[in-house]
Asks: 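Dumping the structure here so I can ask a few things about it.
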Amino acid sequence: MGSAVRELTAEEHARLDRLKTFNGFGFTMRSHTSKDPLGRQFATRWFTVFGLPLIPLERYLIEEVGADFSSYGIGSTFSERFLVHGVTSLHPLEVLGSYVWSWVIGPAFVVLPFIQSTYWFDNHDDGASTWWLLTMLAGVILWPVVSLVILVLLSQWRRNRVRPEPWV
């Protein structure tokens, strides 16, 4: 069992008002657990760079209320709204899982096909058939899209069940 969930202070509530990102830089909730019967879940507040989690800050018991996305000029802003029920300590395995998922597995799904195709084209100077060339190019173009779908599905599948935590 983890540490206790406690009520938020006024300072902690003020920090949650700045829960938005601009072009992937800012603060967002990640590492969501599955929802309990009341619709609440645990999530970790992260500082993100390029949309990737960099520094875990706090872990909250939240209820999702909504999100806003604004696009203008060369930038975009994403902000999330939550009803926050309490705060608890970070869970090291959730933090580690977020790092591995976002910095290792996700980029590998996108980068590995490009490395493989570059290696193949560098080592086949014998005039590859047009069919093989088109197949390789289609794979390299479609792989990131398919990978994104796979990552989203796996992300939903791997969510932890909500751990009961006592209130202080």
Asks: Is any side-chain N of the basic residue among Arg45 and Glu12 closer than 4.0 Å to the acidic one's carboxylate O?
Replies: no
Asks: Search all heavy atoms of Ala43 against all heavy atoms of Met29 and return the closest pair with its distance.
Replies: CB-SD, 4.0 Å
Asks: How many angstroms lie between atom NE2 of His91 and atom OG1 of Thr33, to the nearest 0.5 angstrom?
Replies: 9.0 Å
Asks: Would Thr44 and Arg59 count as a side-chain contact (heavy atoms from CB on, under 4.5 Å) here? Give the steps.
Replies: CA-CA 4 Å; Thr44 302; Arg59 183 172 186 255; 4.1 Å; yes
Asks: Report yes if the side chains of Ile62 and Gln41 come closer than 4.5 Å at any heavy-atom pair, otherwise no.
Replies: yes
Asks: Of all heavy-atom pairs between Ser98 and Pro53, which one has the smallest distance, and what is that distance?
Replies: O-CG, 4.2 Å
Asks: Please find the pair of heavy atoms, one from Gly39 and one from Glu63, that lie closest to each other, and give the distance.
Replies: O-CG, 3.7 Å
Asks: For Leu96, which residues count as a side-chain contact (heavy atoms from CB on, under 4.5 Å) partner, sequence neighbours excluded?
Replies: Val100
Asks: Side-chain contact test, heavy atoms from C-beta onward, threshold under 4.5 Å: evaluate it for Thr88 versus Leu61 and give yes or no.
Replies: no
Asks: Return the set of residues passing side-chain contact (heavy atoms from CB on, under 4.5 Å) with Tyr99 (not counting sequence neighbours), or none when no residue passes.
Replies: Trp46, Pro56, Val95, Trp103
Asks: Under a 4.5 Å cut-off applied to non-hydrogen side-chain atoms, are Val49 and Phe47 in contact?
Replies: yes
Asks: For Val87 versus Leu8, what's the shortest heavy-atom pair and its separation?
Replies: N-CD1, 3.6 Å
Asks: Between Phe25 and Phe50, does the ring centre distance come in under 6.0 Å?
Replies: yes
Asks: In Å, rounded to the nearest 0.5 Å, how long is the span from CZ of Phe42 to CD of Glu94?
Replies: 8.5 Å
Asks: When you measure from the side chain of Ser102 to the backbone N and O of Leu52, does any donor-acceptor pair fall under 3.5 Å?
Replies: no
Asks: Examine distances only and state if a side-chain atom of Thr48 and a backbone atom of Phe27 form a donor-acceptor pair shorter than 3.5 Å.
Replies: no
